[in-house]
Amino acid sequence: MRLHVHPTPEAAATEAANLIAAQVTDKPSSVLGLATGGTMEPVYALLRQKHDSGLSFADAVTFNLDEYVGLSGDHPQSYRRYMQHHFFDHVDICQSSAYLPRGDISPEEASEEYEALLQKFGPIDLQLLGLGRNGHIGFNEPLSSLASRTREKSLTKSTLEANSRFFNEGERQPTTAITMGIASIMDAKRIIVLAVGDGKADAVAAMIEGPVTSMCPGSILQMHAQVTVIVDEAAAAKLTMREYA
């Protein structure tokens with residue numbers, strides 16, 4: 001793992017956006033793995049700016065990590081809608097080349113369909129990941145198989161609580177999601193992990209310095225040859241060996 005510690009969340013997001021932009025510039029037909037969540041919003045804002053300045057995504061193919069089971073792509077809380085709002089609707093990407101798992105069909109069918117698409121277009125050239133407070137990547141929660149492929153996964157209480165802010169009071173919040181599996185993520189040629197804030201400090205330390213274990217799914221990234229971990233000072237606060245990383 002290459003660890004890059006930045007003084008602010010904004011600086012960390014800037015590096016992530018720059019790495020994605022460099023990938024697309026070097027290989028316009030890149031297959032990009034994308035992530036959602038509040039941490040990623042500044043990354044997409046910066047990529048929109050780069051697009052306005054001439055960066056083209058017209059030949060790129062994208063795969064998002066996950067989607068809630070039971071939500072159609074036009075649901076306000078779906079990750080498809082998130083991506084349309086924050087990125088796809090503002091750049092020149094071909095909409096038919098921007099893939100997310102389907103939440104509106106059976107989880108078994110959606111999982112098989114998505115894994116087949118990954119095999120068809122992959123491997124992913126550059127995968128962007130966030131990191132959950134409990135160490136999850138995608139929606140691969142603790143105790144997920146480290147050899148898992150795309151499938152339905154139950155969400156833990158802590159994940160549901162963390163994401164509840166995106167749902168209105170009284171609105172049904174899905175309790176399962178279709179997620180790229182850990183082995184599917186590990187197939188990527190290069191991986192970027194972006195984590196900011198003191199709430200991620202324990203997970204960052206476990207991912208980088210802890211044992212490889214399903215209790216911290218992100219720890220499997222220690223076994224990948226090309227991982228760049230981008231954090232701010234707050235997220236790096238509990239690392240004990242950062243000067244050697």
Item to check | Test item: Val227 and Arg2 side chains (from C-beta on) under 4.5 Å apart, heavy atoms | outcome: no
Checklist entry - Do Leu239 and Val204 come close enough that some side-chain heavy atom pair is under 4.5 Å? => result yes
Checklist entry - What pair of heavy atoms forms the shortest contact from Ser72 to Ser78, and how long is it? => result O-CB, 3.3 Å
Item to check | Verdict with reasoning, Leu65 to Leu129, per side chain to side chain contact (heavy atoms under 4.5 Å, CB included) | outcome: CA-CA 8 Å; Leu65 287 164; Leu129 295 176; 3.7 Å; yes
Next on the checklist: So that I can tick it off, tell me whether Arg190 and Asp125 are bridged by a salt bridge, with the cut-off set at under 4.0 angstrom between side-chain N and carboxylate O.
Outcome noted: no
Next on the checklist: Heavy-atom count check: over 12 atoms from other residues, nucleotides or ligands less than 6.0 Å from Arg48 CZ?
Outcome noted: yes
Checklist entry - Between CG of Leu160 and CD of Gln173, what distance do you get to the nearest 0.5 Å? => result 5.0 Å
Checklist entry - Do Glu115 and Arg151 have side-chain heavy atoms sitting under 4.5 Å apart? => result no
Checklist entry - How far apart are the closest heavy atoms of Thr62 and Ala98, and which atoms are they? => result OG1-CA, 3.2 Å
Checklist entry - Going from CE on Met83 to CG on Leu34, what distance comes out if it is rounded to the nearest 0.5 angstrom? => result 4.5 Å
Next on the checklist: If I compare all heavy atoms of Gln222 with all of Ile208, which pair ends up nearest, and what's the gap?
Outcome noted: NE2-O, 3.6 Å
Item to check | Same apolar cluster: Met215 and Met223, side chain cutoff 4.5 Å | outcome: no
Checklist entry - Where is the tightest heavy-atom contact between Met207 and Gly218, given as atom of each residue plus distance? => result CG-O, 3.3 Å
Checklist entry - Any side-chain heavy atom of Asn64 within less than 4.5 Å of one from Tyr82? => result no
Checklist entry - Is any side-chain heavy atom of Ile230 closer than 4.5 Å to a side-chain heavy atom of Leu19? => result yes
Checklist entry - Can any side-chain N or O of Ser148 pair as donor or acceptor with the backbone N or O of Ile182 at less than 3.5 Å? => result yes
Checklist entry - Side-chain heavy atoms under 4.5 angstrom apart, residues restricted to Ile, Leu, Val, Met, Phe, Trp, Tyr: same cluster for Leu143 and Leu155? => result no
Checklist entry - Hey, does the side chain of Glu67 reach the backbone of Gly73 with a donor-acceptor pair shorter than 3.5 angstrom? => result no
Checklist entry - Are Tyr79 and Val69 linked, directly or through other ILVMFWY residues, by side chains that come within less than 4.5 angstrom of each other? => result no
Next on the checklist: Tell me if a side-chain donor or acceptor on Ser56 pairs with a main-chain N or O of Ala58 at a distance below 3.5 Å.
Outcome noted: yes
Item to check | Heavy atoms of other groups near Asp198 CG, more than 12 under 6.0 Å | outcome: no
Next on the checklist: Taking the side chain as everything from C-beta on, heavy atoms only, tell me whether Val193 gets closer than 4.5 Å to Thr228.
Outcome noted: no
Checklist entry - Are Lys238 and Asp202 within salt-bridge range, i.e. N to O under 4.0 Å? => result yes
Next on the checklist: Using modelled atom types and a 3.5 Å cut-off, is there a donor and acceptor pairing between side-chain atoms of Ser219 and backbone atoms of Thr213?
Outcome noted: yes
Checklist entry - side chain to side chain contact (heavy atoms under 4.5 Å, CB included) between Thr150 and Thr179: does it pass, once the steps are laid out? => result CA-CA 5 Å; Thr150 304; Thr179 183; over 6 Å; no
Item to check | Side-chain donor or acceptor of His224 paired with backbone N/O of Ile191 under 3.5 Å | outcome: no
Checklist entry - Rounded to the nearest 0.5 Å, how far does CG of Leu3 lie from CE of Met1? => result 9.5 Å
Checklist entry - Under the 3.5 angstrom rule, does the side chain of His6 hit a backbone N or O of Thr8 as a donor-acceptor pair? => result no
Checklist entry - Of all heavy-atom pairs between Ser111 and Glu152, which one has the smallest distance, and what is that distance? => result OG-N, 3.7 Å
Checklist entry - Are Leu55 and Val24 close enough that some pair of their side-chain heavy atoms sits under 4.5 Å apart? => result yes
Checklist outcome for this item: Between the NE2 atom in His136 and the OG atom in Ser144, the distance rounded to the nearest 0.5 Å is 10.0 Å
Next on the checklist: Test your reading of the model: is there a side-chain donor-acceptor pair from Ser53 to the backbone of Gln49, 3.5 Å cut-off?
Outcome noted: yes
Next on the checklist: One pair to check against side chain to side chain contact (heavy atoms under 4.5 Å, CB included): Phe88 and Arg80. What are the steps and the verdict?
Outcome noted: CA-CA 9 Å; Phe88 296 155; Arg80 166 65 73 176; 3.8 Å; yes
Checklist entry - Does Asp232 come within less than 4.0 Å of Lys200, counting only side-chain N to carboxylate O? => result no
Item to check | Nearest non-hydrogen partners of Lys50 and Ala21, listed with the distance | outcome: CD-CB, 3.5 Å
Checklist entry - Is Leu100 linked to Ile178 within one hydrophobic cluster, defined over Ile, Leu, Val, Met, Phe, Trp and Tyr using a side-chain heavy-atom separation of less than 4.5 Å? => result no
Next on the checklist: Before you tell me yes or no, could you show the steps for Val212 and Leu146 under side chain to side chain contact (heavy atoms under 4.5 Å, CB included), namely the whole-Å CA-CA distance, both residues' side-chain angles and the distance that decides it to 0.1 Å?
Outcome noted: CA-CA 9 Å; Val212 175; Leu146 300 182; 4.2 Å; yes
Next on the checklist: Quick check: do Glu15 and His4 have side-chain heavy atoms less than 4.5 Å from each other?
Outcome noted: yes
Checklist entry - How are the rings of Phe57 and Phe87 set relative to one another: parallel (under 30°), tilted (30 to 60°) or perpendicular (over 60°)? => result perpendicular
Checklist entry - Rounded to the nearest 0.5 Å, how far does CD of Gln84 lie from NE2 of His90? => result 9.0 Å
Checklist entry - Roughly how far, to the nearest 0.5 Å, is the OH atom of Tyr114 from the CE atom of Met180? => result 6.5 Å
Next on the checklist: Measuring centre to centre across the rings, with the benzene-like ring taken for any Trp, is Phe121 within less than 6.0 Å of Tyr99?
Outcome noted: yes
Item to check | Pair Thr159-Glu141, side-chain hydrogen bond (donor to acceptor under 3.5 Å, both in side chains): steps then yes or no | outcome: CA-CA 9 Å; Thr159 297; Glu141 299 279 30; 2.7 Å; yes
Item to check | Hydrophobic cluster identity match, Leu46 and Met40, side-chain contacts under 4.5 Å | outcome: no
